[in-house]
Amino acid sequence: MIKLTFALTRRPEFTREAFQDYWFNTHAPLVASVREALRIKRYVQMHSLPAEISADLRVARGGPEGYDGVAQLWWDSFEDLAANADNEAARAAGRLLLEDEARFVDLPKSPLWWGQEKVIF
């Protein structure tokens with residue numbers, strides 16, 4: 001399996017709470033509605049806790065500011081994902097999700113990357 005990890009930073013007009021509410025209650029059902037068209041096997045949201053809870057840990061490690069959440073999406077393989085390129089329904093679904101993400105995510109400040117899990121325990 002391959003995984004897309006997306007570290008989300010909210011748009012400045014959103015509070016963390018409003019961002020997480022929209023992400024969970026509006027965007028997540030939208031992702032669920034197109035999961036078959038995009039061949040997504042699993043979708044998980046990890047919502048950050050208030051920044052002050054992680055402040056001491058971040059400072060002790062010299063780390064950057066945190067994110068408002070992390071989304072993880074799984075596919076069976078790159079080949080399975082590539083099949084979406086020739087599928088108009090998948091392309092439309094991808095456009096729909098990106099259009100919605102632009103409403104609440106600060107996309108230039110939200111890195112994403114492909115990865116493969118290496119389970120340690």
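Everything numeric here is computed off the predicted structure, so don't read it as measured data.
Atom CE of M46 sits in a sparse spot, with 12 or fewer heavy atoms from other residues, nucleotides or ligands closer than 6.0 Å. R95 CZ: more than 12 foreign heavy atoms inside a 6.0 Å radius. At most 12 heavy atoms of other shown residues, nucleotides or ligands fall within 6.0 angstrom of atom CZ in F24. For CD of E36, the number of neighbouring non-hydrogen atoms (other residues, nucleotides, ligands) closer than 6.0 Å is 12 at most. More than 12 heavy atoms of other shown residues, nucleotides or ligands fall within 6.0 angstrom of atom CG in N25.
In this structure, E117 CD and K3 NZ are separated by 3.5 Å, a value rounded to the nearest 0.5 Å. Here the CZ atom belonging to R39 is positioned 9.0 Å from the CG atom belonging to D76, to the nearest 0.5 angstrom. Interatomic distance, F104 CZ to T9 OG1, rounded to the nearest 0.5 Å: 12.0 Å. Atom CG of L97 sits about 6.0 Å away from atom CG of L38, to the nearest 0.5 Å. Here R35 contributes atom CZ and Y43 contributes atom OH; the two are 12.0 Å apart, rounded to the nearest 0.5 Å. With rounding to the nearest 0.5 angstrom, the CG atom of L98 is 10.5 Å from the CZ atom of R103.
Linking ILVMFWY side-chain heavy atoms closer than 4.5 Å, directly or via other members, places V44 and L73 in two distinct hydrophobic clusters. Tracing side-chain contacts under 4.5 Å through hydrophobic residues (I, L, V, M, F, W, Y), one never reaches W74 starting from V31; they form parts of separate clusters. No chain of hydrophobic side-chain contacts below 4.5 Å, direct or via other Ile, Leu, Val, Met, Phe, Trp or Tyr residues, connects M1 to F78. Under the 4.5 Å side-chain heavy-atom criterion for ILVMFWY residues, a single connected hydrophobic cluster contains both L112 and W75.
Between A93 and A37, the shortest heavy-atom distance links the atoms CB-CB, 4.4 Å. Between F6 and S110, the shortest heavy-atom contact is CE1-O, 3.3 Å. L8 approaches Y67 most closely through the heavy-atom pair O-CB, 3.4 Å. Of all the heavy atoms in W114 and L4, the pair that sits closest is CZ3-CB, 3.6 Å. The shortest non-hydrogen separation linking I2 to L81 is CD1-CD2, 4.1 Å. Of all the heavy atoms in P50 and R16, the pair that sits closest is CG-NH2, 3.0 Å.
Put simply, the side chain of S77 gets close to the backbone of D80: a donor and an acceptor are under 3.5 Å apart. For Q20 (side chain) and L49 (main-chain N/O), no donor-acceptor pair under 3.5 Å exists by modelled atom type.
Side-chain contact between D100 and Y22 is present, with heavy atoms from C-beta onward closer than 4.5 Å. For the pair L57 and R61, the minimum side-chain heavy-atom distance is below 4.5 Å.
Between W23 and H47, the ring-plane angle classifies as parallel under the 30° and 60° cut-offs.
Salt bridge annotation for E65-R10: absent, with no cationic side-chain nitrogen under 4.0 angstrom from a carboxylate oxygen.
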